[in-house]
Amino acid sequence: MALDFAKHLMQWYNTNKRHLPWRLTNDPYAVWVSEIILQQTRVDQGMVYYQRFMKAWPNVSALAKASEDDVLKLWQGLGYYSRARNMHATAKLIVQNFNGSFPSDYNTIKSLKGIGSYTAAAIASIAFGQTFPAVDGNVQRVLSRVFGVLEAVDGKTGKKQIDDLSWQHIDNEDPGNYNQAVMEFGALQCLPANPQCGQCIFRESCYALLNGLTASLPRKQKKPTQKIRYFNYIWMRWQSGNQSWVALDKRLHNDIWKGLYEFPMIETEKPVHFDEITLLPAFQQLVQNNRFNIRAQSAPVTHQLTHQKIIAKFFHLNFETPLDLMKENKLSLINQSEIGNYPIPRLIDRYLQQNEF
DNA sequence: AATGCGGGGAT
DNA sequence: ATCCCAGCATT
């Protein structure tokens with residue numbers, strides 16, 4: 001199986017690989033330039049920059065002699081500008097400390113500014129033929145799907161599993177092309193969304209495909225940054241005997257509440273103040289008559305939370321609906337929604353037309 | 001383990 | 001709008 005993966009992959013690579021300029025050479029400088037440019041950058045976008053960069057500074061010493069401003073200028077529009085600054089600094093360091101020739105030792109390569117474990121492995125394998133698996137986003141995706149890495153690939157254990165797999169399957173005879181083959185496979189076949197599984201060479205053995213997990217692998221543990229937004233609503237409270245009642249406004253689709261105030265209220269990025277809200281005339285009257293204690297609330301919530309959860313949390317479910325009292329007070333209960341085991345009364349527009357409560 | 005760093009393409 | 005891209009350095 002271990003041999004099979006690399007063998008099939010290399011065959012696929014030979015017939016399907018794209019013809020890219022940095023694949024025409026094993027010059028460590030060219031490999032370095034291409035790898036830095038391609039960090040978090042699509043091939044299509046980086047291509048032009050690579051050509052211009054190599055034309056402007058074809059080797060380490062040329063780059064070392066350039067001014068940082070010129071390097072940054074060429075980098076303009078590519079993003080992650082520390083890449084350019086690091087390259088320039090590293091070129092000067094290579095001239096100073098390594099006599100202008102790119103180091104071939106993995107740990108030395110990795111010690112250079114802007115070169116981490118991925119780039120060091122890529123340079124060591126592609127330029128110097130050493131067996132170091134280069135693990136990037138493509139590799140994480142391909143290996144986690146084909147071999148079924150269920151742990152998060154950015155977590156400790158998942159990373160270890162990917163690392164083990166990549167050492168297990170790397171082609172010692174041609175590590176540089178093996179590394180590029182996995183990445184190319186990830187970029188052309190095993191796509192993040194809508195992978196081309198129908199014509200995939202691993203379709204009969206791929207763990208993810210066989211278990212219907214292609215869409216959910218690789219798993220990531222990093223949760224998306226949660227935006228705080230505010231669900232705004234008005235709640236009313238009134239006493240009747242020993243009972244305290246609460247009425248909420250009605251939620252419509254798209255997180256809009258409507259009914260108690262003039263304009264539909266919608267989710268906002270900042271809390272809403274009561275002053276900013278205009279109640280419908282009928283309710284203004286009720287407030288003036290001290291029949292109701294009425295407040296506006298803005299509840300900070302993460303977007304994922306449902307309206308029901310917000311209400312439940314806000315009121316701590318500390319009220320029970322006295323249906324009888326509702327009727328006695330001539331409030332027609334139009335709708336109930338279950339929150340947990342507690343029914344919550346909702347006011348709807350019909351109430352507003354009844355001036356008598 | 002989490003963040004910041006960027007611009008662009010695909011969905 | 002959100003995710004992701006041939007990641008790395010810093011905290």
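Just so it is clear, the values below take in all heavy atoms, side chains as well, and ignore hydrogens, waters and symmetry mates.
The aromatic ring centres of His169(A) and Phe147(A) sit less than 6.0 Å apart.
Partner of Phe202(A) under the ring pair (Phe, Tyr, Trp, His ring centres under 6.0 Å) criterion, chosen from Tyr207(A), Phe5(A), Trp12(A): Phe5(A).
Proximity of residues 114-136 of chain A to DNA chain C (heavy atom under 4.0 angstrom from any strand atom) is restricted to Gly114(A), Ile115(A), Gly116(A), Ser117(A), Tyr118(A), Thr119(A), Asp136(A).
Comparing Pro192(A) and Lys110(A) against DNA chain C, the residue whose closest nucleotide sits nearer the 5' end is Pro192(A). In terms of position along DNA chain C, the nucleotide closest to Arg42(A) lies nearer the 5' end than the nucleotide closest to the other residue of the pair Arg42(A) and Tyr80(A). With the nearest nucleotide of DNA chain B identified for both Lys159(A) and Leu78(A), Lys159(A) has the one nearer the 5' end. Nucleotides of DNA chain B nearest to Leu191(A) and Gly79(A) differ in position, and the one nearer the 5' end is that of Gly79(A).
A distance of about 22 Å separates the P atoms of dA1(C) and dC5(B), rounded to the whole Å. For dG6(B) and dC5(C), the C1' atoms lie 12 Å apart once the distance is rounded to whole Å. Nucleotides dA6(C) and dT11(B) have their P atoms positioned 14 Å apart, rounded to a whole Å.
Per the geometry, CG belonging to Leu188(A) stands 14 Å off P belonging to dC5(C), to the nearest Å. Gln39(A) places its CD atom 13 Å from the C1' atom of dG6(B), with the value rounded to the nearest Å. Atom CH2 of Trp75(A) and atom C1' of dG8(B) are 16 Å apart (whole Å). Rounded to a whole Å, the CE atom of Met47(A) is 18 Å from the P atom of dC5(C). Taking atom CD of Gln140(A) as the reference point, atom C1' of dC3(C) lies 15 Å away to the nearest angstrom. The distance from atom CZ of Phe185(A) to atom C1' of dC5(C) is 18 Å, rounded to the nearest whole Å. When rounded to the nearest whole Å, the span between CD1 of Ile37(A) and C1' of dC5(B) equals 17 Å. Atom CG in Leu112(A) sits about 14 Å away from atom C1' in dA9(C), given to the nearest Å.
Using a 4.0 Å cut-off between charged side-chain N and carboxylate O, Glu68(A) and Lys92(A) make no salt bridge. Of the charged side-chain nitrogens involved, at least one lies within less than 4.0 Å of a carboxylate oxygen, so that Asp164(A) and Lys160(A) count as a salt-bridged pair.
Figure legend: cation-pi geometry between Arg52(A) and Tyr49(A), with NZ or CZ positioned under 6.0 Å from the six-membered ring centre and within 45° of its axis.
Closest to the side chain of Gln221(A), from the set dA6(C), dG7(C), dA1(B), is dA1(B). With dC4(C), dG7(B), dA1(B) as the choices, the nucleotide that has an atom nearest any side-chain atom of Gln45(A) turns out to be dG7(B). For Asn194(A), taking side-chain heavy atoms from C-beta onward, the closest of the listed nucleotides dG6(B), dA6(C), dT11(B) is dT11(B). Ranking dC8(C), dG6(B), dA6(C) by closeness to the Val43(A) side chain, first place goes to dA6(C).
In this structure the side chain of Glu151(A) never reaches within 4.5 angstrom of the side chain of Arg219(A), judged on heavy atoms.
The residue Ser82(A) sits apart from the nucleic acid: no heavy atom pair falls under 4.0 Å. Using a 4.0 Å heavy-atom distance criterion, Arg23(A) is classed as a base contact. Residue Trp22(A) is classed as a base contact, given a heavy-atom separation below 4.0 Å to a base.
When the shell of 6.0 Å around CD of Glu173(A) is examined, it contains 12 or fewer heavy atoms from other residues, nucleotides or ligands.
In the hydrophobic cluster analysis, where Ile, Leu, Val, Met, Phe, Trp and Tyr join through side-chain heavy atoms closer than 4.5 angstrom, Val149(A) is grouped apart from Leu209(A).
Contact check, Gln40(A) against dC5(C): no side-chain N or O comes under 4.0 Å of OP1 or OP2. For the pair Arg83(A) and dA9(C), the criterion of a side-chain N or O lying under 4.0 Å from OP1 or OP2 is not met.
In this structure, OH in Tyr178(A) is found 11.5 Å from OG1 in Thr131(A), a value given to the nearest 0.5 Å.
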